[in-house]
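Computed from a prediction, not measured in an experiment: that's the story for all the values here. Just so you know, these numbers use all the heavy atoms, side chains as well, and skip hydrogens, waters and symmetry mates.
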Amino acid sequence: MNETIASTKVSFEFFPPKSEEMEKTLWASIERLAVLSPRFVSVTYGADGSTRERTHAAVARILKETPLTAAPHLTCVGASKGEIDDIARDYWDMGVRHLVALRGDPPRPMAANQAANEAGNGPGNGQYAPHPDGYAYAADLVAGLKKVADFDVSVAAYPEVHPEARNATVDLDNLKRKIDAGASRAITQFFFDVDMYLRFRDRCARHRIETAIVPGILPITRFPQLQRFAAQCGATVPTWLHERFQGLDDDPETRRLIAASVAIEQVRQLQKEGIEEFHFYTLNRSELTYAICHALGVRAQQAAA
């Protein structure tokens with residue numbers, strides 16, 4: 001077990017705050033999780049690219065005030081190739097060396113769930129159409145970013161198939177194009193069925209996708225919120241998970257204990273299958289993610305005296 005603990009790597013996802021209170025929560029979470037020495041921390045761009053300036057500001061502060069590797073998200077939505085290339089050059093000049101490249105989704109109607117939009121989860125309610133002068137899809141974006149500079153690029157993968165893909169084979173073809181364009185790893189949408197992820201990993205291998213398929217882990221802070229996220233991105237919420245949270249609407253303490261046990265059980269099963277790297281969707285909260293990482297052997301690094 002000590003060998004497994006020593007090799008486990010983690011990364012964390014945050015979304016840019018839109019209020020002073022949310023900013024305090026974000027920075028408290030970053031400080032709490034920074035001691036776990038994550039491989040990188042990503043900052044979302046909003047599902048429709050709507051948080052560009054706030055993403056930039058959060059990344060700049062991470063670089064200035066922490067030793068963390070910041071990995072801002074970039075999408076194809078709402079910008080020309082020239083604009084995206086300029087953003088990428090600005091990031092490189094700031095010291096950013098890692099990006100998360102996504103197609104992105106069309107803007108949501110104003111009444112759509114704002115939390116999901118801020119967190120970068122799930123497709124928009126409109127139909128995607130490439131910018132006339134932009135990168136059409138994520139594979140094009142990856143190729144363009146690699147021409148700007150030698151970025152380490154992560155991309156998205158979908159164990160349950162992207163909601164807009166015609167079928168699983170088409171979805172895998174698209175993932176392979178992203179990897180062949182220069183992406184270093186794929187980070188999956190969140191899931192709860194470990195066997196489903198393992199089958200997806202096997203399909204990737206048969207499809208000659210030869211890169212890390214990093215599991216995306218979502219600690220469950222609020223079950224109704226999870227259900228909304230799952231509906232938007234096509235993820236399955238198993239019956240057993242519904243049953244574990246049933247009757248706990250007014251019992252946050254028990255919910256937290258259940259949520260931690262679910263994630264720990266999920267990651268331990270993946271570790272037994274040889275998975276050594278995990279990406280946590282924190283929703284800007286540190287408590288559950290920190291507890292899960294600690295239980296899995298990812299220990300805080302003591303600062304030098």
Side-chain angles (χ1 to χ4, degrees), residues 1 4-5 7-15 25 28-30 32-42 44 115-116 119-122 156-160 186-201 212-230 233 235-249 251-300:
M1 186 62 184
T4 299
I5 286 173
S7 61
T8 300
K9 302 179 183 68
V10 296
S11 55
F12 305 127
E13 179 178 290
F14 302 103
F15 63 87
T25 299
S29 297
I30 288 175
R32 176 70 165 153
L33 295 172
V35 298
L36 298 177
S37 299
R39 188 168 187 175
F40 61 89
V41 296
S42 68
T44 70
N121 288 294
Y158 298 85
E160 298 183 72
I187 300 171
T188 76
Q189 179 59 266
F190 69 85
F191 62 92
F192 298 100
D193 184 337
V194 169
D195 288 338
M196 179 186 62
Y197 165 85
L198 295 172
R199 290 192 296 271
F200 175 69
R201 184 183 64 167
I213 308 296
V214 180
I217 308 297
L218 177 64
I220 302 166
T221 53
R222 296 190 299 277
F223 198 73
Q225 181 187 51
L226 164 66
Q227 291 175 298
R228 289 195 300 272
F229 288 168
C233 69
T236 300
V237 181
T239 301
W240 61 262
L241 195 57
H242 282 271
E243 292 172 350
R244 290 199 192 182
F245 283 89
Q246 189 172 8
L248 297 178
D249 292 351
D251 190 348
E253 183 176 350
T254 302
R255 285 204 311 270
R256 284 193 293 271
L257 292 172
I258 295 294
S261 69
V262 165
I264 291 168
E265 178 182 341
Q266 181 183 13
V267 178
R268 284 203 186 282
Q269 289 180 48
L270 290 165
Q271 285 179 320
K272 289 178 182 177
E273 297 293 336
I275 306 301
E276 298 180 345
E277 186 171 355
F278 303 90
H279 185 73
F280 288 88
Y281 297 108
T282 71
L283 300 182
N284 288 10
R285 307 292 305 191
S286 63
E287 301 89 348
L288 275 176
T289 298
Y290 187 94
I292 294 161
C293 288
H294 182 83
L296 295 172
V298 181
R299 297 288 187 256

Subject >> Any Glu265 side-chain heavy atom under 4.5 Å of Arg268 side chain >> reply: no

**OP:** Name all residues meeting the ring-ring contact (aromatic ring centres under 6.0 Å, His included) criterion together with Tyr158; count only those two or more places apart in sequence or in a different chain, and write none if there are none.
**Re:** His162

Subject >> Closest contact, heavy atoms only, Pro215 versus Glu277 >> reply: CD-O, 3.1 Å

Original post:
Taking the six-membered ring for Trp, are Phe12 and Phe280 parallel (under 30°), tilted (30 to 60°) or perpendicular (over 60°)?
Top reply: tilted

Subject >> Residues forming a side chain to side chain donor-acceptor pair (under 3.5 Å) with Arg256, sequence neighbours excluded >> reply: none

Original post:
With sequence neighbours left out, what residues match Phe40 under ring-ring contact (aromatic ring centres under 6.0 Å, His included)?
Top reply: His98, His279

Original post:
Side-chain contact, heavy-atom cut-off 4.5 Å: Asp193 with Phe200?
Top reply: no

Original post:
Would one find more than 12 heavy atoms of other residues, nucleotides or ligands at under 6.0 Å from atom CZ of Arg32?
Top reply: no

Subject >> Atom of Phe191, atom of Gln266 and distance for their closest heavy-atom approach >> reply: O-NE2, 2.6 Å

Original post:
Between atom CG of Leu270 and atom OG1 of Thr8, what is the distance when rounded to the nearest 0.5 Å?
Top reply: 11.0 Å

Result block: side-chain N/O donor-acceptor pairs under 3.5 angstrom for residues 235-243, not counting sequence neighbours:
residue : atom : partner : partner atom : Å
Thr236  : OG1  : Glu160  : OE1          : 2.3

Original post:
In chain order, what residues pass the side-chain contact (heavy atoms from CB on, under 4.5 Å) check against Leu248, with sequence neighbours excluded?
Top reply: Asp251, Thr254, Arg255, Ile258

Original post:
Taking it one step at a time, do Tyr281 and Ile187 satisfy side-chain contact (heavy atoms from CB on, under 4.5 Å)?
Top reply: CA-CA 11 Å; Tyr281 297 108; Ile187 300 171; 3.7 Å; yes

Original post:
Looking at CZ of Phe245 and CD1 of Ile220, how far apart are the two atoms once the value is rounded to the nearest 0.5 Å?
Top reply: 4.0 Å

Subject >> Donor-acceptor contact below 3.5 Å, side chain Thr188 vs main chain Ala157 >> reply: no

Subject >> CZ on Arg201 to CZ on Arg199, rounded to 0.5 Å >> reply: 12.5 Å

**OP:** Measure the shortest side-chain to side-chain distance between Tyr197 and Ile275 over non-hydrogen atoms and say whether it is less than 4.5 angstrom.
**Re:** yes

Subject >> CD on Gln189 to CG on Leu218, rounded to 0.5 Å >> reply: 8.5 Å

Original post:
When rounded to the nearest 0.5 angstrom, what is the spacing between CG in Leu36 and OG in Ser11?
Top reply: 12.0 Å

I'd like a table of donor-acceptor pairs (distance under 3.5 Å, sequence neighbours excluded) in which one partner is a side-chain atom from residues 282-294, with atom names and distances.
residue : atom : partner : partner atom : Å
Thr282  : OG1  : Glu13   : O            : 2.6
Thr282  : OG1  : Asn284  : N            : 3.0
Asn284  : OD1  : Phe15   : N            : 2.9
Asn284  : ND2  : Phe15   : O            : 2.9
Arg285  : NH2  : Glu287  : OE2          : 3.2

